[in-house]
2 protein chains.
Amino acid sequence: MEFPNTGDFLAGRLRDKLSQDDLEFIESLVAETRQGETGDVLLERGAVTEQSTILISGYIFRTIESGDRRFIVGVHVPGDFVDLHGFALKRLDHSIVAAGPITYGIAPHERLRDALEHRPRVARALWFATLLDAAIHRKWIQMLEQLDAPRRIAHIYCELHRRFELVGQANARSLRTPFTQIDLADMCGVSAIHANRAVGKLRELELAEIRRGDLYTSDWDALRTYAQFQADYLYGDGPLRFDQDWL
Amino acid sequence: MEFPNTGDFLAGRLRDKLSQDDLEFIESLVAETRQGETGDVLLERGAVTEQSTILISGYIFRTIESGDRRFIVGVHVPGDFVDLHGFALKRLDHSIVAAGPITYGIAPHERLRDALEHRPRVARALWFATLLDAAIHRKWIQMLEQLDAPRRIAHIYCELHRRFELVGQANARSLRTPFTQIDLADMCGVSAIHANRAVGKLRELELAEIRRGDLYTSDWDALRTYAQFQADYLYGDGPLRFDQDWL
DNA sequence: ACCGTCTACTGATGCATGTTAGCTTCAGGC
DNA sequence: GCCTGAAGCTAACATGCATCAGTAGACGGT
């Protein structure tokens, strides 16, 4: 996988909506870039942190451990500020874990505090980023309340595909991920065996082929219809589109 | 039901953490108070809004309509800023609906903009409120991934009870709500028939008696254990408690 | 008093999903 | 080449939940 230039990727989808000056400021937030591998815990639930993480390449899970089970409550794609809320909450209610090989940037909270004080537009962009996370959480709640396992898996891939589109990284016929069927199960709240059945069903319906986490499809629209995926909650184009005047 | 004094309730659980000056400012955000009845739609998904809502008494649902079904993705209790994110997102991805008789305050966005510019501590309190909403969303995701229907219902009541505790309104042996079993079903992502069986199971296990939305129990601890409820995600007391230095 | 509607409740049946057990495939280490 | 462990896959049976059908009580309107 190619790693995009760090600078080209920061601020993710808000990149087009900020001034050159603000963008340079956001780039200056990153003190350092690092690499991580599958399962690396970037931030443990309850740990105090003095820095936040910006994902540059790869995927990151938000996980909650309960008993001997792991639950995935969110997924991040390149360009996302992954634990920005750790800046305000100090200790997170969940852990931040690499879902495969990743590259990420470190933003010390000291510099974020500075942004809040002196850069109102940057401060609002950061707030917007956390509000978008919350909107995605709400959609996951609805997805879990409404859809069966095959549709949940399809919905997750459709969402990720759209999020890649919004940062200009989507592929026309596939979506590459390092997710195992166990990961999919932990996202959907089903057993790994049932996640396997669900993947088989998508294959049987000829909607998508999922191999080692990579999804291939010849018809994203059919998949989206099957998953009842409506992208508006991501605040891209369309009726709910994000109003940049606010920044 | 008695309505607490509006002024005593604003800022909810952050009340103790803000200065008198900031509190008076927050009170001044409320231009008007209103009453609402069951099913009143305070804000429709996708509608543009120039004001936000502070719940003073009663309950409010966040709902998403899909096909002919309704999904409840969040519940609010008195003291909550219900649609603060509408200030930044302009159009909400969900609707705001009264879950019974309510009293609420209206805060014009004009005044909120002023707060963001000139009141950094108030701005941070508002951000914290939306981050707390996101933490609750994440717990709902985990709850839906992990628990069966009776436990989900128990978990929701335990959460609401704790949230009432955090604003000093909890009752020792009961929790009064106007929720129908249909409401509970829409929160849990199960059918109304199954919600009825789940309520029956809690009764059979002698953990709780739910009648017309009101829950009665002699042993909250037993109920919390059954629901695997851990309150830390609400950032009250305990290891994840909210660090007020940040404000 | 009557009616219609909403909510709570019950039983029967089928599908969705969990659990257990065992098997296959594949990549990496030796 | 072989071994090993992790991931993917399959079958059989048990449970959770949806669906359909129906009853009963509470409530408001007339």
Side-chain angles (χ1 to χ4, degrees), chain A residues 37-39 66-72 98-101 143-155 176-205 208-216 226-228, chain B residues 37-39 61 66-72 97-101 143-155 176-205 208-216 226-228:
Chain A
E37 292 301 323
T38 309
S66 174
D68 54 353
R69 286 181 67 190
R70 173 192 68 158
F71 300 93
I72 295 172
M143 173 181 92
L144 290 164
E145 288 176 348
Q146 181 178 20
L147 304 179
D148 60 10
R151 273 175 256 260
R152 287 180 199 174
I153 289 176
H155 197 283
R176 303 294 187 86
T177 82
F179 305 160
T180 65
Q181 291 185 354
I182 296 171
D183 292 332
L184 294 176
D186 291 347
M187 290 185 236
C188 294
V190 300
S191 65
I193 288 92
H194 199 66
N196 176 274
R197 289 182 197 130
V199 165
K201 178 145 191 181
L202 293 177
R203 185 176 301 138
E204 180 191 324
L205 293 171
E209 170 77 26
I210 297 175
R211 284 198 308 268
R212 276 191 242 100
D214 300 333
L215 179 142
Y216 305 90
Y226 176 73
Q228 302 178 36
Chain B
E37 292 302 322
T38 309
F61 290 143
S66 175
D68 54 353
R69 287 182 67 191
R70 174 191 68 160
F71 301 93
I72 296 173
V97 181
M143 174 182 93
L144 290 165
E145 288 176 347
Q146 182 178 19
L147 305 179
D148 60 11
R151 272 175 258 258
R152 287 180 199 173
I153 289 176
H155 198 282
R176 303 295 187 87
T177 82
F179 305 158
T180 65
Q181 290 185 354
I182 296 171
D183 293 332
L184 294 177
D186 291 347
M187 288 185 238
C188 293
V190 300
S191 66
I193 290 97
H194 200 67
N196 175 275
R197 290 191 246 264
V199 166
K201 178 146 191 179
L202 292 176
R203 185 177 301 137
E204 180 191 324
L205 293 171
E209 170 78 24
I210 297 175
R211 284 198 308 269
R212 276 193 243 98
D214 300 333
L215 178 142
Y216 306 89
Y226 177 73
Q228 301 177 37

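Naming: A, B, ... by sequence-line order, numbering from 1 per chain.
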Query - Atom-to-atom span, CZ of A:R211 to P of D:dC9 - whole angstrom - result: 10 Å
Would you list the protein and nucleotides 22-24 of chain C atom pairs, both N or O, that sit under 3.5 Å from each other?
none

Requested in this report: Whole angstrom is fine here: how far is it from CD in B:Q146 over to C1' in C:dG18?
Outcome: 14 Å
Query raised in the report: Can you tell me how far P of C:dT17 sits from CG of A:L184, to the nearest Å?
Result: 14 Å
Report task. Quick one: list whatever passes salt bridge (Lys or Arg N to Asp or Glu O under 4.0 Å) with A:R152, sequence neighbours left out. Result -> none
Query - Between C:dT7 (C1') and B:I210 (CD1): distance, integer Å - result: 15 Å
Requested in this report: Applying salt bridge (Lys or Arg N to Asp or Glu O under 4.0 Å), name anything that partners A:R197, two or more places apart in sequence or on another chain.
Outcome: none
Requested in this report: Kindly say if A:N196 contacts the phosphate of D:dC9, meaning a side-chain N or O under 4.0 Å from OP1 or OP2.
Outcome: yes
Query - Rounded distance in Å - CG (A:L202) to P (D:dG8) - result: 14 Å
Requested in this report: Indicate, with a heavy-atom threshold strictly under 4.0 Å, whether A:R151 touches base, sugar-phosphate, or nothing.
Outcome: nothing
Query raised in the report: Quick one: side-chain contact (heavy atoms from CB on, under 4.5 Å) partners of A:V199, sequence neighbours excluded?
Result: A:I153, A:Q181, A:L184, A:R203, A:I210
Query - Those residues that, when tested against B:T177, pass side-chain contact (heavy atoms from CB on, under 4.5 Å) (two or more places apart) - result: B:Y59, B:Y157, B:L175, B:F179
Report task. Kindly write out the residues that satisfy side-chain contact (heavy atoms from CB on, under 4.5 Å) with B:R212, not counting sequence neighbours, or none if the list is empty. Result -> none
Report task. Would you please name every residue forming a salt bridge (Lys or Arg N to Asp or Glu O under 4.0 Å) with B:D214, sequence neighbours left out? Result -> none
Report summary line: Taken to the nearest 0.5 Å, the spacing of B:T38 OG1 from B:F61 CZ works out to 9.5 Å
Query - Residues forming a side-chain hydrogen bond (donor to acceptor under 3.5 Å, both in side chains) with B:S191, sequence neighbours excluded - result: none
**Report entry** Gap separating the NE2 atom of B:H155 from the CE atom of B:M187, nearest 0.5 angstrom
**Finding:** 14.0 Å
Requested in this report: Write down the distance between CG (A:D68) and P (C:dG18), rounded to a whole number of angstrom.
Outcome: 15 Å
Query raised in the report: Where along nucleotides 12-27 of chain D does protein come under 4.0 Å, by heavy atom, of base (B) or sugar-phosphate alone (S), with - for untouched nucleotides?
Result: B----BBBB-------
Query raised in the report: So what is the end-to-end bend of the helix from C:dA1-D:dT30 to C:dC30-D:dG1, with 5 pairs used at each end and the value given to 10 degrees?
Result: 40°
Query raised in the report: Can you name the residues that form a side-chain hydrogen bond (donor to acceptor under 3.5 Å, both in side chains) with A:D183, not counting sequence neighbours?
Result: A:R70, A:T180
**Report entry** Pairing residues for B:A154 by the side-chain contact (heavy atoms from CB on, under 4.5 Å) criterion, not counting sequence neighbours
**Finding:** B:L202, B:L223, B:Y226, B:A227
